[in-house]
Amino acid sequence: MTAALLAQEQPRMDERYRSSLLFARVMEMVRDDYVDPSGIDYDQLTFSALDGMLSSLDPYCEFLDVAQYAEIKSEAQGVFGGIGVYVGLQKDRNLVVNMPVPGGPAFNAGLLPGDQIMEIAGLNTKGMSLTEAVRVMRGRPGSVVSLVVFRPQAKKRMELSIARQVINVPTVRDAQVLSVFNEGRVKVGYLRILQFGEHTLEELQDAMAELQRQGANGLVIDLRNNPGGILESAVQVAGRFVKKNRVIAYTEGREDGEGRNYYRAKGQVHDLKTPLVLLINRHSASGAEIVAGALKDLGRAVLVGETTYGKGSVQTIQPIDRGIGKPVGIRLTTAKYYTPSRQVIHEVGVSPQIEVPVTQDEEALILKKQNRYVLSPGEQARLAQVEDRQLDRAVRILQGLMIYHENQLKLAAR
């Protein structure tokens, strides 16, 4: 290191030394003077201090102790014992329901997107990390966990006891040709992507192939209440509808970091012609926002619904294994996502071209209607009459796109 660089680095080195010295001195004072020496556990004190340091940065940063680090490794596997609910943290660090898994215990207990979980098993969730909240809600199948839930719009407080089950997380569902909207040669295909998992692209391609066999020549993809999932899966889904190597999204960290990291369309199958509409709402988050932002920016889809959640930061799980002797790690925010046209997603969301807001009561009925197969025949018949204004508008927009597309093909053939 040159003398000039050393001079620039010296203030930072001094600051690090002072901070480390302060931490060590406080630890020694606790060891020497705390009234109950039997309660002193150095690992626990250190872990608590690190947890406080990381959680002060943003709601998504956290220290992962041995149990939490082991738990995080199993998050993407898709099968676990729990109540079947995706949760997130609001800006004020309230724990909020993003989406109950259709047919799961939380769904059957009546939890809705936007519900705030105030307590889990008697523990106040204020300040609780996402990993800790998930850990407390998970457990042995058949065991019961208690929740205290607040529904903001209805100003309603609920106390629930929910039995845990083995949760099989779905990805693509409800692929169908919407016969009620079929008009002549215009046949509307519809499917929902509930989250982005390891096999979502394959499931999507199978569903689209079946819809095409049934004559669908346009597609509505429903991303409402989709909480995200595996980033690469979301990139694969968006890449399915644009030219190979087109930028789907990119991340950008701090200025003195490694710069931008681009995510591009890969694979051999790229559908550039099927008219496409995406349904989004205020609970569409993370990977769902990447798909929506990319297909909007690239002019490949029309977005209908509401502005999305605004979860567009990148968290990396980093192990800490040098000299620690225990498998621990940290979850650290290292970058933010941007759409191809450099639109930031985090705390902003992706806005639709066609805005169709709904009330929470409408949203609850739509959610039940979407998951009618887990309800009784009587409830299914009643919900069949419920209007889904967002879907209706999406289909009308798609029909217009399909007619325009058909007319363009006729003009090109002349």
Side-chain angles (χ1 to χ4, degrees), residues 59-60 82-120 125 130 133-134 137 147-158 160 162 167 169-171 173-174 192-196 221-229 234 278-289 291-292 303-312 345 347 349-352 355-375 383 386-391 394:
Y60 306 103
I83 64 171
V85 65
Y86 296 101
V87 293
L89 285 174
Q90 297 176 316
K91 293 180 183 178
D92 56 7
R93 294 186 179 270
N94 282 328
L95 186 68
V96 64
V97 174
N98 284 341
M99 174 66 179
V101 174
F107 177 87
N108 293 334
L111 283 181
L112 297 174
D115 286 349
Q116 295 175 0
I117 301 177
M118 314 302 291
E119 293 182 16
I120 307 170
T125 61
L130 282 175
V134 170
M137 283 189 286
L147 301 182
V148 175
V149 176
F150 179 70
R151 187 160 294 163
Q153 290 190 351
K155 295 182 171 57
K156 181 180 178 182
R157 186 178 185 272
M158 299 173 287
L160 304 172
I162 304 177
I167 306 299
V169 179
T171 55
R173 271 192 172 171
D174 290 343
R192 281 197 299 152
I193 302 179
L194 277 70
Q195 69 151 2
F196 295 97
I221 296 181
D222 195 339
L223 296 176
R224 290 177 295 180
N225 304 313
N226 182 317
L278 301 186
L279 267 172
I280 55 174
N281 69 359
R282 59 184 179 273
H283 305 296
S284 305
S286 192
E289 296 176 283
V291 173
L303 275 51
V304 176
E306 302 166 320
T307 298
T308 59
Y309 185 80
K311 166 55 171 81
I345 293 173
E347 297 185 348
V350 178
S351 61
E355 188 170 0
V356 186
V358 296
T359 66
Q360 191 173 42
D361 288 341
E362 286 181 284
E363 191 176 68
L365 288 172
I366 291 168
L367 184 62
K368 287 183 178 179
K369 184 176 182 178
Q370 287 179 328
N371 299 286
R372 56 197 174 279
Y373 42 83
V374 301
L375 303 175
L383 288 170
V386 171
E387 180 185 18
D388 185 343
R389 293 191 295 110
Q390 291 175 329
L391 176 58

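Reckoned from all heavy atoms, side chains included, excluding hydrogens, waters and symmetry mates.
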Check: Under a 4.5 Å cut-off applied to non-hydrogen side-chain atoms, are Leu367 and Met99 in contact?
Finding: yes
Check: What pairs meet the salt bridge (charged side-chain N to carboxylate O under 4.0 Å, His left out) rule with one or both residues in residues 278-287, with sequence neighbours excluded?
Finding: Arg282-Glu306, Arg282-Glu363
Next item on the list: Using side-chain hydrogen bond (donor to acceptor under 3.5 Å, both in side chains) as the criterion, list what pairs up with Asp115, not counting sequence neighbours.
Entry: Arg151
Note to self: Restricting to side chain to side chain contact (heavy atoms under 4.5 Å, CB included), what partner residues turn up for Ala234, sequence neighbours left out?
What the structure shows: Phe196, Val291
Check: Are side-chain heavy atoms of Thr307 and Ser351 found at a separation under 4.5 Å?
Finding: yes
Next item on the list: Answer whether the closest heavy-atom distance between the side chains of Val149 and Val97 falls below 4.5 Å.
Entry: no
Next item on the list: Applying side-chain hydrogen bond (donor to acceptor under 3.5 Å, both in side chains), name anything that partners Ser286, two or more places apart in sequence or on another chain.
Entry: none
Check: Side chains of Val386 and Lys368: closer than 4.5 Å at any heavy-atom pair?
Finding: no
Check: What closest approach, in Å, do Gln360 and Pro113 show between heavy atoms, and which atom pair accounts for it?
Finding: NE2-O, 3.6 Å
Check: Considering residues at least two apart in sequence or located in another chain, which fulfil the side chain to side chain contact (heavy atoms under 4.5 Å, CB included) criterion with Asn94?
Finding: Gln90, Asp92, Gln116, Lys126
Next item on the list: Please list, chain by chain and in numerical order, all residues satisfying side-chain hydrogen bond (donor to acceptor under 3.5 Å, both in side chains) with Asp388, sequence neighbours excluded.
Entry: Arg224
Next item on the list: Return the set of residues passing side-chain hydrogen bond (donor to acceptor under 3.5 Å, both in side chains) with Tyr309 (not counting sequence neighbours), or none when no residue passes.
Entry: none
Next item on the list: Measure the shortest side-chain to side-chain distance between Pro100 and Ile83 over non-hydrogen atoms and say whether it is less than 4.5 angstrom.
Entry: no
Notebook entry, point to check: Got a second to check how far Thr308's OG1 is from Ile345's CD1, nearest 0.5 Å?
Noted result: 7.0 Å
Checklist line | Contact summary for Leu303 and Pro352, nearest pair of heavy atoms | finding: O-CB, 3.4 Å
Next item on the list: State, with a plain yes or no, whether a side-chain heavy atom of Val101 is found less than 4.5 Å away from one of Phe107.
Entry: no
Item checked: Partners passing salt bridge (Lys or Arg N to Asp or Glu O under 4.0 Å) against Glu362 (at least two apart in sequence or in another chain) -> Arg389
Margin query: My understanding is that only one of Asn226, Asn225, Asp174 makes a side chain to side chain donor-acceptor pair (under 3.5 Å) with Arg192; could you say which?
Written below: Asp174
Check: Any salt bridge (charged side-chain N to carboxylate O under 4.0 Å, His left out) pairs touching residues 103-113, not counting sequence neighbours?
Finding: none
Next item on the list: Please report the shortest heavy-atom distance between Gly349 and Glu289, naming the atom on each side.
Entry: CA-OE2, 3.6 Å
Next item on the list: Grab the two heavy atoms, one from Ile162 and one from Leu147, that are nearest each other, plus how far apart they are.
Entry: CD1-CD1, 3.8 Å
Item checked: Sequence-distant partners of Glu119, salt bridge (Lys or Arg N to Asp or Glu O under 4.0 Å), two or more places apart -> none
Check: How would you list, by chain and number, every residue that makes a side chain to side chain contact (heavy atoms under 4.5 Å, CB included) with Thr125, sequence neighbours excluded?
Finding: Leu95, Ile117, Ile120, Met128
